[in-house]
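Note: hydrogens, waters and symmetry copies are ignored here, and every other heavy atom, side chains too, is used. Here is the naming used below: chain letters follow the sequence lines, and residue numbers restart at 1 for every chain.
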Amino acid sequence: MTIIEFSLLIAGGSLAAGFLGALTGLGGGVVLVPLLTILLHVDIRYAIGASLVSVIATSSGAAAAYVKEGFSNIRIGMFLEIATTLGALAGATLATRISTSTISVVFGLVLIGSAVLSRKPHPKEQREAPPDGLATKLRLNGSFPDEGGMRQYNVQHVPAGWSLMFGAGVLSGLLGIGSGAMKVLAMDQAMKIPFKVSTTTSNFMIGVTAAASAGIYLSRGYIDPGLSMPVVLGVLAGSLLGTRVLVKAQAKWLRLVFSIVIVLLGIEMLYKGFSGRM
Amino acid sequence: MADTNKWTDTRMESFIGNLLRGGVLLSASIVLVGAAVYLARRGHLSAEYHTFHGEPADLRSVKGILHDAFALQGRGIIQLGLLLLIATPVARVAFSIFGFAVEKDRTYVVVTIIVLVVLLYSLIGYNSE
């Protein structure tokens, strides 16, 4: 295959991944690495490097739109970014030390886990929780526009949320993904932050988290310009398109199909990892 | 008091949003220019990503990337765009320090400086050897 054909093929696949990722809210980065490694036989280290850069592009590109809505909380985001960036540093360092088969197995487990998480309905929000001492000290409590005016919320369980965020950072740095699902889990489930605030703040944090490991990937020679170029441009175009359509489309069945694809890719990554074909 | 804080928070967030969008647009444009040069010169060669060799030293460091980009090499220009993309969230964090300082929120000035130090360590301080 020539470089032109290869680039067009990857740009097309990345466009589809970015589009479906934005449309279903599952993120496109998570399917990029399996697509590149399983279908196009790209070495997983190059694939992770390219995916990581595309994650930064989509997070930063979407942030401007989210900011206007007034849902995201910059103090929660910044405070938790200490955890995610430290985790990302640890994850990226780990990635250079463990075998590609092990990375493949972890990737498979994370794919299956994130598909399962996305099927789980999020529990009814606990309203008017009492203010938590640490959260108040850190000024994490906030408000956001809801039906019938501004709604206040009090953040809970700060240490638990912080630890989960460190874990999300490790996975992001190790696998080159945004790990948005785990970030939302930490905020929405552990810290009892309203779902809308959690998802938009998580998107805001993804770019900073990925930037923390991208430096290491760059200096280790994992970021190839020829491969990253079609991936970044494709994912960016696809996700911008996806967020435009998002408002109109009821994407329930699409979410289900995409989750099934993610599980299948996860099984394939597990198989490749265990059989040592990665 | 709470109202003035909210107001500056909103202003800060909208500036950050535009900063991020501008950064992404600029870096995507540079990547596109690099892609045109790269594909025109090397598009007919065969693609090889099956085995990992790692990038050559000049595409791993800021100095080397700048050198290659100004020598108008396709891969160097693309890598410059990617580097700028990686720097965009870092710029966002750096600006937030200023924003929190204006609000006289000392705790968050410190929190944000910690995040910036971790980011800069990864980008500049981390030794690949």
Report all side-chain donor-acceptor pairs from residues 76-83 of chain B shorter than 3.5 Å, counting only partners two or more places apart or in another chain.
from: Gln79(B); atom 1: NE2; to: Ile223(A); atom 2: O; distance (Å): 3.0
from: Gln79(B); atom 1: NE2; to: Leu59(B); atom 2: O; distance (Å): 3.1

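- The residue among Leu45(B), Thr51(B), Val117(B) with the most heavy atom pairs within less than 4.5 Å of chain A is Leu45(B).
- A ring-ring contact (aromatic ring centres under 6.0 Å, His included) check over residues 206-241 of chain A, counting only residues at least two apart or in different chains, returns the pairs Tyr217(A)-Tyr222(A), Tyr222(A)-Phe52(B).
- Heavy atoms of Ser61(B) lying under 4.5 Å from chain A are absent altogether.
- Only the side chain of Ile65(B) comes within less than 4.5 Å of a heavy atom of chain A; its backbone N, CA, C and O stay farther away.
- Atoms CZ and CD1, on Phe100(B) and Ile74(A) in that order, are 4.0 Å from each other to the nearest 0.5 Å.
- Heavy-atom minimum distance, Thr2(A) versus Gly43(B): CB-O, 3.4 Å.
- Interface remark: of the candidates Leu236(A), Leu138(A), Thr84(A), Val232(A), Leu138(A) forms the most heavy-atom pairs closer than 4.5 Å to chain B.
- Remark: side-chain polar atoms of Tyr121(B) are not paired, donor with acceptor, to backbone N or O of Leu89(A) under 3.5 angstrom.
- For Pro89(B) against Ile56(A), the heavy-atom pair with the smallest separation is CG-CG2, 3.7 Å.
- Closest non-hydrogen pair, Ala211(A) versus Ser122(B), comes out as O-OG, 3.9 Å.
- Within a 6.0 Å radius of NE2 in His53(B), more than 12 heavy atoms belonging to other residues, nucleotides or ligands are found.
- Across Ala214(A), Gly226(A), Gly49(A), the residue that shares the most heavy-atom pairs under 4.5 angstrom with chain B is Gly226(A).
- Of residues 91-98 of chain B, those residues with a non-hydrogen atom less than 4.5 Å from any non-hydrogen atom of chain A are, in numerical order, Arg92(B), Val93(B), Ser96(B).
- With a threshold of 4.5 angstrom between heavy atoms, Phe6(A) approaches chain B through side-chain atoms but not through N, CA, C or O.
- Put simply, OG on Ser59(A) and CG on Leu20(B) are 7.0 Å apart, with the number rounded to the nearest 0.5 Å.
- Met78(A) CE to Leu116(B) CG: the interatomic distance, rounded to the nearest 0.5 Å, is 9.0 Å.
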Q: Verify side chain to side chain contact (heavy atoms under 4.5 Å, CB included) between Tyr49(B) and Asp224(A), making sure each step is shown before the conclusion.
A: CA-CA 9 Å; Tyr49(B) 291 105; Asp224(A) 181 84; 2.9 Å; yes
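- Annotation: residues 27-41 of chain B contacts chain A through Ala28(B), Val31(B), Leu32(B), Ala35(B), Tyr38(B), Leu39(B) [non-hydrogen atoms, separation under 4.5 Å].
- Proximity to chain A (any heavy atom under 4.5 Å) is shown, for His50(B), by both the backbone and the side chain.
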Q.
Please determine whether side chain to side chain contact (heavy atoms under 4.5 Å, CB included) holds for the pair Val208(A) and Leu119(B), giving the CA-CA distance in whole Å, both sets of side-chain angles, and the decisive distance to 0.1 Å.
A. CA-CA 8 Å; Val208(A) 174; Leu119(B) 287 173; 3.9 Å; yes
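- Of all the listed residues (Ser46(B), Pro56(B), Gly23(B)), the one sharing the greatest number of non-hydrogen pairs under 4.5 Å with chain A is Ser46(B).
- Interface check for chain A: of the options Thr112(B), Thr107(B), Ile114(B), the most heavy-atom pairs under 4.5 Å are formed by Thr112(B).
- Both the backbone and the side chain of Thr85(A) come within contact range of chain B, judged by heavy atoms closer than 4.5 Å.
- Remark: Arg139(A) fails to qualify as a cation-pi partner of Tyr108(B) under the 6.0 Å distance and 45° angle criteria applied to the six-membered ring.
- For Met1(A), the part lying near chain B is the backbone, with the side chain staying farther off; criterion is any non-hydrogen pair under 4.5 Å.
- Taken from OG in Ser60(A) to CG in Leu85(B), the straight-line distance is 6.5 Å, to the nearest 0.5 Å.
- Contact annotation: the side chain of Val118(B) never approaches that of Glu81(A) to less than 4.5 Å [non-hydrogen atoms, C-beta and beyond].
- Leu227(A) contributes atom CG, which lies 9.0 Å from atom CD of Glu55(B) (distance to the nearest 0.5 angstrom).
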